[in-house]
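Here's the structure we're looking at; comments come further down.
The figures here come from the full heavy-atom set of this structure, side chains too, leaving out hydrogens, waters and symmetry mates.
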Amino acid sequence: MIHIYKKFQTNTIVLCFSILLLTLYSTTGYAQINTVLNTQIRGEITAAAKGDPLGTYNIVVNKPAGATTINTIFVYNTAFNVDYGANSITLNGVTTPLNTLTSAFITLDYYCRYSDVTNSSTALVNTLNAAAAGSNTTIAVTESNYGGIDGVGILVLWNIPTNPMGTFVIQLGCLATGPIAASSSFAISPIDKTIPGFKATIGCGIGFSIGILGQSSVLRIGAASPTTIVSSNVGGFDDGSNSANGGLITLGGTGDSPTVNDTDELFDVAPFLSNGQTQISYSLLDVNSSYDDAINVLYFSGSGVLPVCNAGTTAPTLSSTTASNVCPTSTVNLTTITASNTPASTTLTWHTGTPATSANKVATPTAVAAGTYYAAFFDATGDCYSSTTTTVTATVSACCNAGSASPSLSATTISNVCPATTVNLTSITASNLPAGTTLTWHTGTPATTANKITGTAVAAGTYYAAFFDATNNCYSGTSGSATTAVTATVSACCNAGTAVPSLSATTISNVCPATTVNLTSITASNLPAGTTLTWHTGTPATTANKITGTAVAAGTYYAAFFDATNNCYSGTAGSATTAVTATVSACCNAGTAVPSLSATTISNVCPATTVNLTSITASNLPAGTTLTWHTGTPATTANKITGTAVAAGTYYAAFFDATNNCYSGTAGAGTTAVTATVNTCVTCNAGTVAPVLIKN
């Protein structure tokens, strides 16, 4: 009995076969055998089988040089109508759970079980994978019932990349032939016996072959009918430890030579094959008198065949025969084109010429330049291309780097920043600015050079942002249609601004004789254009607390900038002010100027013998003062002259403020000297009366 496991791994088919050969007696013959594998790879089949009446023994598996992949399945069957359970076999000390094997072509009266060792017996798989190339691996087998289990057979298909391409066929029957031959045929890839390394072998598995004379089978092969005898002694001696019940198994494998066809189950059939042959027929006939040999397996291993190209001869039927770039990409992606008739196990490839070869294969079909390309099917296993191709024309149109996307802006509304009365659109940026472009602003859409805004200051309104590619002189979107609208608003500004006045002084006092303070003598170095400096009795500055006039009393006052056009003060609601402290000191009305007199010399008028100083006046007499005379300087109350008649001498005129009891100048120093002279008067007795005449 044989079970087959088939696994696909990236262009490599690895097959593992386990064979358990039967010992049974059958009253009915079966001539049914089925193909379970027919594949083409670079590889080799190796086989091993053994049984032992004690139920514990070793199987030796040979690993060919250069083999890289292993998959293994083993099976067993019972000699009687007994099921020995799912855990009846261990491999290298690991119990491997077994499944019941069922198949349409297994109809004999026994139980069969199998296990995919690749998946369920890690220890065994690790052992086989770790084996050195060209070495033998020993697998320890233990049977739970060595009387009812007739041994284990293993068949492995290895992947060997250095081997010639080959055809590998496995057929299973698990059937007793009786007088009827088990016969079948199988297709192979066309063989080429001239290929270096060519070989062709057939291996057979027979149950209940103990080497007794006459207990054997006949193998015949032929291209159309199985006429040529390959061996008349198939099954010879079994591969068990001895010929006793419990070790009755044969299998062309390890230790069997294909050149010794009369004793082994491995046969060299190359001499019986012809170049180009694609079909092999065979028959296996049990010739012993009891007809109780069970035909389990027949496998063909042929290295050196003409590769079958799955790519075929049909040209690809493509979804399109033209392709163009999709801006902003400036290359064409051929992989967007698909084929509706892709053969199994092939891919669609692209080429710069025809016929398709590896030399003209396009390395990067996702990005090609304009030109003509050829589509073909590629079979990686056979390393071949379809014999016909389909032409595709690729065109590349110049792209606008501005692309088709609208600008994604940092803001879609904007307003002026006072004192500016215009909006600066350049403060808005785009997060998706394409390389090689700039952000431009327009008065309408689509964006054009005609409606492009130059400069950075715009009035209130709606404007449109677009990307501009100066190299290709184009805007984003079709004909500049990809724009983003921005609303600009302009609010009236207060020219007074937000800065507080920077004053020439923050303290001020009166200048005598003034008894008030003149705030207008203070100036601001940062007076904004279009404003005036105003003074207020409080803060914030308002029209209500604004000071009119130039003279103020002592106190604290606040300077602000005032924009008469917009009727606003500096700062928010006039809050930007600067405080000034005003102080008023008492003043002497006499002032600091010296009297400007009508005369600086004076003399008596006879008959008076004294001088009258009051006859002299001052042209610059300050208001609220009188002109006083003093015998010395500075003028004081102590040297003040009372009366109007003075003798000859020098006298000093000063201004006197009676209210503040002070004289002109500092401490009365503001005086003007006057020299008084007294002339001697002659007494005239004639007097001043005119004579009165008497007429006689």
Side-chain angles (χ1 to χ4, degrees), residues 410-428 455-463 486-589 591-592 622-624 657 659-660:
S410 56
T412 55
T413 60
I414 190 172
S415 59
N416 61 311
V417 179
C418 289
T421 57
T422 57
V423 175
N424 184 3
L425 292 171
T426 62
S427 63
I428 296 178
T456 58
V458 297
T462 300
Y463 300 93
V486 169
T487 302
T489 57
V490 175
S491 302
C493 289
C494 181
N495 293 325
T498 58
V500 299
S502 181
L503 302 178
S504 56
T506 56
T507 60
I508 191 172
S509 59
N510 61 312
V511 178
C512 289
T515 56
T516 58
V517 175
N518 184 3
L519 292 172
T520 61
S521 64
I522 296 178
T523 58
S525 61
N526 60 335
L527 182 72
T531 68
T532 56
L533 188 65
T534 56
W535 294 92
H536 301 264
T537 56
T539 188
T542 66
T543 301
N545 60 21
K546 183 178 180 181
I547 298 171
T548 58
T550 58
V552 297
T556 299
Y557 300 93
Y558 301 90
F561 298 130
F562 177 62
D563 174 6
T565 302
N566 295 294
N567 191 32
C568 56
Y569 295 92
S570 53
T572 304
S575 59
T577 61
T578 302
V580 169
T581 302
T583 58
V584 175
S585 302
C587 289
C588 181
N589 291 325
T592 58
D657 175 5
T659 302
N660 294 295

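- Between S570 and A576, the shortest heavy-atom contact is OG-O, 2.7 Å.
- Residues G538 and N545 approach most closely at O-ND2, 3.4 Å, considering heavy atoms.
- For the pair S521 and S504, the tightest heavy-atom approach, listed with the atom from each and the gap, is O-OG, 4.4 Å.
- Annotation: the span from I547 atom CD1 to T534 atom OG1 amounts to 9.0 Å, rounded to 0.5 Å.
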V490 and V423: CA distance, side-chain angles, deciding distance, side chain to side chain contact (heavy atoms under 4.5 Å, CB included) verdict: CA-CA 7 Å; V490 175; V423 175; 3.8 Å; yes

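- Here the shortest heavy-atom pairing between H536 and K546 reads ND1-CA, 3.3 Å.
- When the side chain to side chain donor-acceptor pair (under 3.5 Å) test is applied to T581, no partner is found at least two apart in sequence or on another chain.
- Residue pairs meeting the ring-ring contact (aromatic ring centres under 6.0 Å, His included) criterion with at least one member in residues 492-535, sequence neighbours excluded, do not occur.
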Can you give each donor-acceptor pair under 3.5 Å made by side-chain atoms of residues 411-420, sequence neighbours left out, with the distance rounded to 0.1 Å?
from, atom 1, to, atom 2, distance (Å)
N416, OD1, S491, N, 2.7
N416, ND2, A420, O, 2.9
N416, ND2, S491, O, 2.9

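- Among residues two or more places apart in sequence or in another chain, the side chain to side chain donor-acceptor pair (under 3.5 Å) test is passed with T531 by none.
- Of the inter-residue distances, the one linking N567 atom CG with T543 atom OG1 reads 5.0 Å to the nearest 0.5 angstrom.
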Can you give each donor-acceptor pair under 3.5 Å made by side-chain atoms of residues 549-565, sequence neighbours left out, with the distance rounded to 0.1 Å?
from, atom 1, to, atom 2, distance (Å)
Y557, OH, A553, O, 2.7
D563, OD1, T565, N, 3.0
D563, OD1, N566, N, 3.3
D563, OD2, N495, N, 2.9
D563, OD2, N495, ND2, 3.4
D563, OD2, N566, ND2, 2.6

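- The side chain to side chain donor-acceptor pair (under 3.5 Å) check on T539 picks up T577, with sequence neighbours excluded.
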